[in-house]
There are 2 protein chains.
Amino acid sequence: MEAVLSRKEQIEQTATSLFKTRGFSATSMRDLANALGIEAASIYSHIKSKEEILQRVCFRMANEFFEAQDKAAALDGSASDKLKNAIKAHVKVLTHNTEASAVFLHEWRHLSEPFHGTFLELRDKYENRFREIIRSGIESGEFQVPDEKFAVLTILSGLNWLHTWYKPEGKMTADEIADNLSAMLLNGMKNNQN
Amino acid sequence: MEAVLSRKEQIEQTATSLFKTRGFSATSMRDLANALGIEAASIYSHIKSKEEILQRVCFRMANEFFEAQDKAAALDGSASDKLKNAIKAHVKVLTHNTEASAVFLHEWRHLSEPFHGTFLELRDKYENRFREIIRSGIESGEFQVPDEKFAVLTILSGLNWLHTWYKPEGKMTADEIADNLSAMLLNGMKNNQN
DNA sequence: TAAATTTGCTAACGAACGTTAGGTTGCTTA
DNA sequence: TAAGCAACCTAACGTTCGTTAGCAAATTTA
């Protein structure tokens, strides 16, 4: 049931794997060609430049995160529920796409302008959605945190390390991980008096 | 009251700053020289190679983390206290040395063998100390977590994103940040029945 | 003051880099 | 069967890279 990948997609996938383990700058086109079993120059039949690969990966993942977040936001419930759903959506994208997520999280700084700027704007927008959920939870008395920006960063930090150790073969499923993460983070934030 | 830096230390410091913002591979010796106001070749009067700088930064920071952790471990108390102290120690090192911490956390993979291997062993040893604290807390019934390795990774993940946004001029002091982080993470882990 | 050390320079090395030009092969479609 | 296209090749380009050699000036030490 494997999807048939176009050559361009194969290149992107192989590059993603190399970018994750060695980094964008430390991966040469000759390394990539070698991993594909062809010559470096041949890659240019399919892509315009090395950076184009990075751009495609970064913005494709940005899209995936936004789409997952949108779906989660369509559900209603308390702020806790909303936050749990947003976390679950985020973890699902991360675990379904570990390598591309790693590139998305760490290699975006090698984008040139205007891509670099656009990327940062998207990331900010994404984080703001989390911030809004937390703000509404603070207003309703559900959450008790010292600083909402601080809370968001800590949450996302906790999530974004996932790709470094998550293995699909591991004993926890993506949903279990999301539940455990939600439990750890949320109960720490919930006002215990309520 | 500024410490007088040797030329070698100046080079290390400037390099650290560049490695943080652009990454090790994307920083050339000519970039570094330019930032120092000298020629690239002149740097080699002080260091043996580009990688030597990375080695010095990585292992110096490893030392700092271990020393801080040792001091914290000397205090006694409940598992919660021990964890709080370990977190405080970790945050203190992170905040006192943001740029070097960023390099320590992200650029170590560009170390060649045997440094790469040694570094990973040290990191594992460091994480194990956290794991032991949590294990003892689970045994004593203080903590209630699904998986101890999972808990450690989530804690350290939450801490290790700090360097990306922490500014010494910010409104929170290092101690306040450590307290807030402990509160967020610990209360989420504590068994609420106790 | 002589010797040693520190700090920097210019010039250049060989290797590796991203990329382009131009051509060949083999499959697919009209 | 002819045309078009996808996929890859060899050869090479100009540039940048980390680094070395050899030398000069300034500063520190004896």
Side-chain angles (χ1 to χ4, degrees), chain A residues 2-59 103 106-116, chain B residues 2-59 103 106-116:
Chain A
E2 281 280 314
V4 178
L5 296 185
S6 71
R7 204 66 175 109
K8 185 164 182 175
E9 286 165 335
Q10 282 178 43
I11 291 171
E12 196 179 299
Q13 200 175 73
T14 307
T16 300
S17 175
L18 291 175
F19 290 172
K20 175 185 175 170
T21 52
R22 304 187 210 176
F24 175 76
S25 304
T27 304
S28 73
M29 292 303 279
R30 283 163 178 89
D31 288 340
L32 173 56
N34 193 51
L36 289 161
I38 59 176
E39 293 297 318
S42 306
I43 299 174
Y44 288 85
S45 301
H46 307 277
I47 58 147
K48 237 189 65 198
S49 68
K50 184 186 177 187
E51 199 193 303
E52 194 206 10
I53 305 176
L54 183 61
Q55 287 161 14
R56 289 171 60 90
V57 176
C58 286
F59 288 101
V103 173
H106 291 304
E107 306 299 329
W108 55 266
R109 54 185 173 148
H110 298 111
L111 292 169
S112 63
E113 294 300 345
F115 303 99
H116 184 267
Chain B
E2 281 280 314
V4 178
L5 297 185
S6 71
R7 204 64 176 113
K8 186 165 182 174
E9 286 164 334
Q10 282 178 44
I11 291 171
E12 196 178 300
Q13 201 176 72
T14 306
T16 301
S17 175
L18 291 175
F19 290 172
K20 174 184 176 170
T21 53
R22 304 187 209 176
F24 175 75
S25 304
T27 303
S28 73
M29 292 302 278
R30 284 165 178 88
D31 288 339
L32 175 54
N34 193 49
L36 289 160
I38 59 177
E39 293 297 317
S42 306
I43 300 173
Y44 288 85
S45 301
H46 306 277
I47 57 148
K48 236 188 68 199
S49 68
K50 185 187 177 187
E51 199 193 305
E52 194 206 11
I53 305 176
L54 183 61
Q55 287 161 14
R56 288 172 60 89
V57 176
C58 286
F59 288 100
V103 173
H106 291 304
E107 306 300 328
W108 55 266
R109 53 184 174 151
H110 297 110
L111 291 170
S112 63
E113 294 300 345
F115 303 99
H116 184 268

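To find a chain, count down the sequence lines: A is the first, B the second, and so on, and within it residues start at 1.
The residue Ser45(B) sits close to a base: some heavy atom pair falls under 4.0 Å. Across all strands shown, Ser6(A) has no heavy atoms under 4.0 Å from either base or sugar-phosphate atoms. Contacts of Thr27(A) with the nucleic acid, taken as non-hydrogen atoms under 4.0 Å apart, involve only primed sugar atoms and P, OP1 or OP2.
For Ser49(B), the side-chain atoms get nearest to dT19(D) when compared with the rest of dT19(D), dG18(D), dC8(D).
The CG atom of Leu36(A) sits 8.0 Å away from atom CG of Leu18(A), with the distance rounded to the nearest 0.5 Å. Atoms OG1 and CD, from Thr27(A) and Glu107(A) in turn, are 7.5 Å apart once rounded to the nearest 0.5 Å. For the atom pair Leu32(A) CG and Ile43(A) CD1, the distance stands at 4.0 Å (nearest 0.5 Å). Taking CZ of Arg56(B) as the reference point, atom CD of Glu12(B) lies at 4.5 Å (rounded to 0.5 Å).
The separation between Phe24(B) atom CZ and dC17(D) atom C1' is 12 Å, rounded to whole Å. Rounded to an integer number of Å, the gap from Arg30(A) CZ to dC8(D) C1' is 16 Å. Distance CD1 (Ile38(B)) to C1' (dA25(D)): 15 Å, rounded to an integer number of Å. Residue Lys8(A) contributes atom NZ, which lies 14 Å from atom P of dC8(D) at whole-angstrom precision. Between the CG atom of Asn34(B) and the C1' atom of dT16(D) there is a distance of 15 Å, rounded to whole Å.
Of all nucleotides in DNA chain C having an atom under 4.0 Å from a heavy atom of chain B, the first and last in 5' to 3' order are dT7(C) to dA12(C).
Residue Glu39(B) is the one, among Ser28(A) and Glu39(B), whose nearest nucleotide of DNA chain C lies closer to the 5' end (criterion: closest heavy atom). Along DNA chain C, the nucleotide nearest to Ala26(A) and the one nearest to Ser42(A) differ in position, and the one closer to the 5' end is contacted by Ala26(A).
Although no hydrogens or angles enter the test, the distance criterion places a donor-acceptor pair under 3.5 Å between the side chain of Glu51(A) and the main chain of Ser112(A).
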Evaluate the side-chain contact (heavy atoms from CB on, under 4.5 Å) criterion for residues Phe19(B) and Ile53(B): first the C-alpha distance (whole Å), next the side-chain angles of each, then the deciding distance (0.1 Å), finally the verdict. CA-CA 10 Å; Phe19(B) 290 172; Ile53(B) 305 176; 4.1 Å; yes
